[in-house]
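We're numbering straight along the sequence, starting at 1.
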Amino acid sequence: MSYTLGTAARATGLSKSTIHRAIKAGRISAGRSDTGDYAIDPAELHRVFPPADSAARSGNGSLQRGATLSEEVELALKNARLEAENAASALVAELLRRQLDETRRDLDHWRGQAQRLVALPPPTPSTVPMVAFNAMPARGGFVARLFGRA
């Protein structure tokens, strides 16, 4: 009996791509079956990769019957870390949501102000104060003003 790529991956607990890379690199010898699938000898596979401990863990990382205390502690720590990461992510998402809402309110305020300014009628020449340059009194130079001779 020989392994296919998928069964070899399940037997070692590795991914199919890892097994395939080992075959391509020549670390594991494997032939091809009539259907074109890899035919890997179990002894050849386990010479390079040790068999997976299928009694303690399943493929999705959950514990099965007979798990040791260290595995249970490891899984509990992993779950606690994931819950903390989820809580931190939710907090960051809420802060970003609040910042976005505040930015949208500011944008609406400034957009309204711009629209009000555009809606104002243009100033007429009679409303713009005119400054006559010759209406200013003539003043003497700095020295004359300093000594009060202006």
Side-chain angles (χ1 to χ4, degrees), residues 3-28 30 32-33 35-40 45-46 48-150:
Y3 287 144
T4 63
L5 201 57
T7 56
R10 279 193 296 277
T12 59
L14 300 172
S15 66
K16 291 195 296 187
S17 60
T18 302
I19 306 294
H20 187 259
R21 280 194 306 267
I23 293 170
K24 288 293 183 187
R27 292 174 43 206
I28 299 173
R32 294 280 187 160
S33 67
T35 60
D37 296 332
Y38 280 107
I40 306 167
L45 176 69
H46 295 303
V48 178
F49 298 115
D53 184 21
S54 61
R57 293 195 176 272
S58 67
N60 62 2
S62 63
L63 293 176
Q64 294 209 358
R65 259 186 229 170
T68 64
L69 181 62
S70 64
E71 289 175 331
E72 291 175 7
V73 169
E74 178 185 332
L75 186 62
L77 289 174
K78 183 178 180 181
N79 286 340
R81 188 184 76 240
L82 290 175
E83 287 175 11
E85 287 177 2
N86 284 342
S89 296
L91 179 63
V92 168
E94 179 60 28
L95 290 173
L96 288 173
R97 197 172 299 114
R98 287 181 186 173
Q99 186 177 11
L100 179 61
D101 290 342
E102 183 180 340
T103 303
R104 285 181 177 156
R105 281 192 302 273
D106 286 347
L107 176 67
D108 291 341
H109 169 74
W110 290 113
R111 183 179 289 137
Q113 185 172 356
Q115 289 172 348
R116 285 190 299 276
L117 287 174
V118 168
L120 289 176
T124 60
S126 62
T127 60
V128 177
M130 297 296 288
V131 177
F133 291 105
N134 56 2
M136 298 181 86
R139 297 174 17 182
F142 173 71
V143 176
R145 285 183 291 164
L146 185 63
F147 292 109
R149 295 185 195 156

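At least one side-chain heavy atom of Ile40 sits under 4.5 Å from a side-chain heavy atom of Leu5. In this structure, the side chains of Arg10 and Thr7 come closer than 4.5 Å at one or more pairs of heavy atoms.
With rounding to the nearest 0.5 Å, the separation of CG in Leu77 from CG in Leu82 is 11.0 Å. The structure places CG of Leu96 at 9.5 Å from CG of Leu91, a figure rounded to the nearest 0.5 Å.
Checked for salt-bridge contact, Glu85 and Arg81 meet the test: a charged N lies under 4.0 Å from a carboxylate O.
For the residue pair Ala9 and Ser15, the shortest heavy atom distance occurs at CB-C, 3.9 Å. Residue Gly13 comes nearest to Ala52 through the heavy atom pair N-CB, 3.6 Å, listed as atom of the first residue, atom of the second, then distance.
Identified under the side-chain hydrogen bond (donor to acceptor under 3.5 Å, both in side chains) test for residues 96-112, with sequence neighbours left out: Glu94-Arg97, Glu94-Arg98.
Residues passing the ring-ring contact (aromatic ring centres under 6.0 Å, His included) test with Phe49, sequence neighbours excluded: none. Arg32 meets the side chain to side chain donor-acceptor pair (under 3.5 Å) test with Tyr38; sequence neighbours excluded. Residues passing the side chain to side chain donor-acceptor pair (under 3.5 Å) test with Ser33, sequence neighbours excluded: Thr35. For Gln113, there are no side chain to side chain donor-acceptor pair (under 3.5 Å) partners, not counting sequence neighbours. In this structure Thr12 satisfies the side chain to side chain donor-acceptor pair (under 3.5 Å) test with no other residue, sequence neighbours excluded.
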